[in-house]
Amino acid sequence: MKISSLQGDFKIIQTIKNQDELLVLGAWKDLVRLFDSNRTFLVNKNESLFGIYLCKQECAEFMNKIIQEIDYHEWEDFKIEKPTYQNQFQA
């Protein structure tokens, strides 16, 4: 899952080895702003990409913080032209 926010750009991946562990990828400055720098590690030097492992609960708290900081004032002119669920069945 890719997330772009005021806190930075992140990519969240579920690890294969441990289903309860998530890998959050992002820039150094964005990760250390939200997490302890001792937990952050280099993933790709050429892309300046860093990562941090989180449990699902910690990731949920991270996502909650990002959602709370959304600036909804920018959505004043936001309108949905056509519902995306129009032709879908719900269980």
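Nothing fancy with the numbering, it's 1 onward along the sequence. Note that the structure is predicted; figures quoted are calculated from it, not measured.
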| message | Are the side chains of K2 and D9 in contact, using a 4.5 Å heavy-atom criterion? | response | no
| note | For I66 and S5, the nearest pair of non-hydrogen atoms, with its separation, is CG2-CB, 3.5 Å
| Path from I3 to V43 over hydrophobic side-chain contacts below 4.5 Å | no
| Would you say the side chain of M1 lies within less than 4.5 Å of the side chain of I13, judging by non-hydrogen atoms? | no
| Please walk me through it: do L34 and Q7 pass side-chain contact (heavy atoms from CB on, under 4.5 Å)? | CA-CA 8 Å; L34 299 167; Q7 296 293 329; 3.5 Å; yes
| Could you state the interatomic distance from CD (E61) to CG (L54), rounded to the nearest 0.5 Å? | 9.5 Å
| query | What about L42 and L31, same hydrophobic cluster or not, with Ile/Leu/Val/Met/Phe/Trp/Tyr joined at side-chain heavy-atom distances under 4.5 Å? | reply | yes
Report, one line per pair, each donor and acceptor closer than 3.5 Å where one atom sits in a side chain of residues 18-25; sequence neighbours left out.
from: N18; atom 1: OD1; to: D20; atom 2: N; distance (Å): 3.0
from: Q19; atom 1: OE1; to: Q14; atom 2: NE2; distance (Å): 3.1
from: Q19; atom 1: NE2; to: I16; atom 2: O; distance (Å): 3.4

| field | ring pair (Phe, Tyr, Trp, His ring centres under 6.0 Å) partners of residues 2-27, not counting sequence neighbours, each pair once | value | F10-F62
| Is any NZ, NE, NH1 or NH2 atom of the basic residue among R39 and E58 found under 4.0 Å from an Asp or Glu carboxylate oxygen of the other? | yes
Name the atoms and distances for all side-chain donor-acceptor pairs under 3.5 Å in residues 44-52, with sequence neighbours left out.
from: N44; atom 1: OD1; to: N46; atom 2: N; distance (Å): 3.0
from: N44; atom 1: OD1; to: E47; atom 2: N; distance (Å): 3.1

